[in-house]
Amino acid sequence: RCARWLQTSNPQFSKDSMTGVGTNGSGSVYLFNPPDLAPVNIATGWSFGGLTIAINGFTVAPLTNRLLLVGVSVAGSTATQVTFGASQLTRLDVASNSIAVNAGFWYLTNPPAAIANIQVRFPIACKAVAGAVLWHNVDMSTPFGSVVTNAGLDSSGRVTVVSAPTEVVVDTLAVAAGSTAIQGSGQTKLWQTSQGGAPRTCGGGSMEPGAPSVEMTWSNSPQAWAIVAVPLRRASLSSGTIESQSVDLDWLAGSAGWQALSFGDDETAGDIRYDVQYWDGDSWENTTVTNIDDSPADLTGLDTGICAR
């Protein structure tokens with residue numbers, strides 16, 4: 001590869017590539033944009049009249065910016081402790097229907113990369129279900145937006161959340177004496193289950209891309225329900241120089257002289273500026289083309305002979 005770009009300021013952009021077209025070649029420039037928030041492991045468990053839910057052998061992969069989020073749906077009690085191996089999770093919030101049921105989130109930022117059991121404990125015997133989700137690329141300093149809860153007694157669990165396009169809204173629902181719950185349009189089901197004996201406590205969790213206003217809805221059995229929802233925040237790019245990934249502009253040693261490179265980007269937080277470097281066969285070296293902001297970039301001063309094949 002002959003040339004690469006370095007993003008040198010304002011490391012925020014809304015698409016992952018710039019496409020460049022030059023007189024004697026063309027190619028795509030791929031920048032390091034943070035990967036999307038994504039669930040990478042999901043598992044469920046339930047208790048019918050017990051003191052504990054066990055989700056055994058849950059795998060936390062050694063990913064960066066990881067978050068373990070556990071949704072608990074319970075009738076007749078409230079979870080008092082959630083653990084992953086020897087690590088304690090923190091309760092985020094609980095939505096409670098005073099009649100019979102509550103739903104809550106527990107979390108652990110940067111959980112140990114290991115295979116371990118998740119334990120959800122209750123003070124008294126109860127009917128409960130839980131869903132555990134490992135998330136990747138979550139902001140470790142401020143992983144959550146504002147939590148919203150709601151409760152009711154009908155067939156439509158629902159809550160409205162204030163969020164942003166770079167976030168993902170997640171929810172967990174509890175339905176008393178119900179066996180069904182179907183997530184609303186636009187939501188992706190993460191898990192949905194009910195404990196094994198009648199009357200069944202039903203629980204579920206879903207996700208939806210963030211927006212200024214996101215309504216999370218469920219079609220559920222016409223029973224008491226409770227729901228809690230919260231935006232997850234994506235990890236941010238660090239400040240300073242952001243290195244491009246693999247770049248190939250197809251201009252090799254011996255090609256005709258370079259002239260201009262036209263490019264476009266989506267700037268979301270002020271100007272994004274770039275440097276062009278070349279590969280000398282052993283390392284990337286600076287060129288005289290630095291601090292570029294707007295297209296086209298003048299490449300006439302570069303010596304095509306410096307590029308290693």
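In summary, the side chains of N41 and T59 do not present any donor paired with an acceptor at a separation below 3.5 Å, with no hydrogens or angles considered. When only modelled atom types and interatomic distance are considered, S206 and Q183 share no side-chain donor-acceptor pair under 3.5 Å. Remark: the W225 side chain and the D154 side chain contain an N/O donor-acceptor pair separated by less than 3.5 Å.
Every residue two or more places apart in sequence or in another chain that forms a side chain to side chain donor-acceptor pair (under 3.5 Å) with S163 is listed here: E167.
For T109 (side chain) and R66 (main-chain N/O), no donor-acceptor pair under 3.5 Å exists by modelled atom type. Within the 3.5 Å criterion, the main-chain N or O of A226 finds no donor-acceptor partner in the side chain of N97. Between the side chain of H136 and the backbone N or O of T64, at least one donor-acceptor pair lies under 3.5 Å. Proximity of a side-chain donor or acceptor of T201 to a complementary backbone N or O of V74 within less than 3.5 Å is not detected. Remark: side-chain polar atoms of N117 are paired, donor with acceptor, to backbone N or O of G57 under 3.5 angstrom.
Atom-to-atom distance recorded for N220:CG and R158:CZ is 9.0 Å, nearest 0.5 angstrom. For the atom pair CG of N137 and CZ of R233, the computed distance is 14.5 Å after rounding to the nearest 0.5 Å. The CG atom of L69 sits 12.0 Å away from atom CE of M207, with the distance rounded to the nearest 0.5 Å. Interatomic distance, L108 CG to L67 CG, rounded to the nearest 0.5 Å: 8.0 Å. For the atom pair L68 CG and Y107 OH, the distance stands at 12.0 Å (nearest 0.5 Å).
Note on I42: it does not cluster hydrophobically with F58, by side-chain heavy-atom contacts below 4.5 Å among ILVMFWY residues. In the hydrophobic cluster analysis, where Ile, Leu, Val, Met, Phe, Trp and Tyr join through side-chain heavy atoms closer than 4.5 angstrom, M216 is grouped together with V148. Connection of V120 to W46 is not established within any shared hydrophobic cluster, with ILVMFWY side chains joined at heavy-atom distances below 4.5 Å, either directly or through further cluster members. Residues W106 and I55 share a hydrophobic cluster, clusters being chains of Ile/Leu/Val/Met/Phe/Trp/Tyr side chains in contact below 4.5 Å. One hydrophobic cluster, built from ILVMFWY side chains closer than 4.5 Å, holds both V228 and V168.
Residues C202 and Q192 come closest through the heavy atom pair SG-NE2, 3.1 Å. The shortest heavy-atom contact between W191 and W218 is O-CH2, 4.4 Å. Heavy atoms only, all atoms of each residue included: I53 and G45 are closest at CG2-C, 3.6 Å.
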**OP:** Give the intermediate values and the outcome of ring-ring contact (aromatic ring centres under 6.0 Å, His included) for residues F144 and F105.
**Re:** CA-CA 12 Å; F144 304 107; F105 270 137; 8.0 Å; no
